[in-house]
Amino acid sequence: MAAAVWIAWEVYRSYHCLETTQYTVTSQKIKNPIRLTVIADLHDHQFGEKNEELIKAIQKSDPDAILMLGDIINDISADDKTVLDLVTALKEYKVYYAL
């Protein structure tokens with residue numbers, strides 16, 4: 001029973017709780033610092049109305065570029081409005097999108 005509750009909580013959390021992780025990579029090959037924001041696995045979900053929570057988190061990180069790495073929408077999504085609204089809201093940044 002406890003395992004089922006834990007699994008249910010993790011599924012809920014993965015769809016409703018925005019999670020950010022920050023990494024610092026150093027290399028002698030990197031001459032100038034660059035800040036990237038990576039977005040992945042949204043699966044057509046929004047964090048806040050029109051992704052306002054996600055957009056605020058991105059703006060706070062002040063990235064040089066945004067990488068959208070796939071699974072932003074699903075093959076069963078009704079349309080691409082969610083991702084188009086998100087990319088439009090992020091138009092001040094360089095956004096690279098991979099299907």
Side-chain angles (χ1 to χ4, degrees):
M1 177 67 171
V5 170
W6 179 77
I7 290 170
W9 167 249
E10 286 299 315
V11 169
Y12 176 85
R13 188 184 65 76
S14 73
Y15 278 93
H16 294 87
C17 299
L18 179 62
E19 183 177 323
T20 62
T21 305
Q22 189 171 4
Y23 299 97
T24 301
V25 177
T26 57
S27 169
Q28 292 180 351
K29 295 179 181 181
I30 301 172
K31 301 300 179 195
N32 297 313
I34 185 169
R35 185 179 298 245
L36 301 173
T37 292
V38 177
I39 303 171
D41 299 312
L42 289 180
H43 297 283
D44 208 25
H45 183 75
Q46 296 186 59
F47 292 97
E49 187 172 331
K50 293 189 176 183
N51 267 317
E52 62 190 18
E53 292 176 41
L54 177 58
I55 294 164
K56 285 179 185 178
I58 292 168
Q59 290 170 334
K60 184 178 177 182
S61 71
D62 192 28
D64 297 305
I66 299 169
L67 310 176
M68 298 178 84
L69 299 182
D71 291 335
I72 304 301
I73 59 176
N74 295 322
D75 58 351
I76 60 170
S77 298
D79 57 36
D80 54 7
K81 183 170 176 20
T82 299
V83 70
L84 290 176
D85 288 347
L86 179 58
V87 171
T88 299
L90 299 173
K91 64 184 174 190
E92 67 189 85
Y93 303 100
K94 294 177 184 174
V95 177
Y96 301 92
Y97 185 99
L99 296 176

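Given the structure is predicted, the values throughout are model-derived calculations rather than measurements.
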Rounded to the nearest 0.5 Å, how far does [atom2] of [Y] lie from [atom1] of [X]?
{"X": "His43", "Y": "Asp71", "atom1": "NE2", "atom2": "CG", "answer": "4.0 Å"}
{"X": "Lys50", "Y": "Thr82", "atom1": "NZ", "atom2": "OG1", "answer": "10.5 Å"}
{"X": "Asn32", "Y": "Asp64", "atom1": "CG", "atom2": "CG", "answer": "10.0 Å"}
{"X": "Thr24", "Y": "Arg35", "atom1": "OG1", "atom2": "CZ", "answer": "8.5 Å"}
{"X": "Gln59", "Y": "Lys56", "atom1": "CD", "atom2": "NZ", "answer": "8.5 Å"}
{"X": "Ile72", "Y": "Asp44", "atom1": "CD1", "atom2": "CG", "answer": "10.0 Å"}

Should [X] and [Y] be regarded as members of a common hydrophobic cluster, given that ILVMFWY residues are connected when their side-chain heavy atoms come within less than 4.5 Å of each other, either directly or indirectly?
{"X": "Ile34", "Y": "Leu67", "result": "yes"}
{"X": "Tyr96", "Y": "Leu42", "result": "no"}
{"X": "Tyr97", "Y": "Leu90", "result": "yes"}
{"X": "Leu18", "Y": "Ile39", "result": "yes"}

Exercise. Are there more than 12 heavy atoms of other residues, nucleotides or ligands under 6.0 Å from atom CD of Glu92?
Worked result: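 Above 12, so yes.
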For this session: Inspect the surroundings of CD in Glu10 and state if more than 12 heavy atoms from other residues, nucleotides or ligands are less than 6.0 Å away.
Result: yes
Problem set entry | Derivation and outcome, side-chain contact (heavy atoms from CB on, under 4.5 Å), residues Met68 and Leu86 | CA-CA 11 Å; Met68 298 178 84; Leu86 179 58; 3.7 Å; yes
For this session: Could you give me the CA-CA distance, side-chain angles and deciding distance for Gln46 and Asp85, then say whether side-chain contact (heavy atoms from CB on, under 4.5 Å) is met?
Result: CA-CA 11 Å; Gln46 296 186 59; Asp85 288 347; 5.9 Å; no
Exercise. Would you find a donor on one side and an acceptor on the other, under 3.5 Å apart, between the side chain of Lys31 and the backbone of Gln28?
Worked result: yes
Problem set entry | Verdict with supporting geometry, Tyr93 and Thr37, side-chain contact (heavy atoms from CB on, under 4.5 Å) | CA-CA 10 Å; Tyr93 303 100; Thr37 292; over 6 Å; no
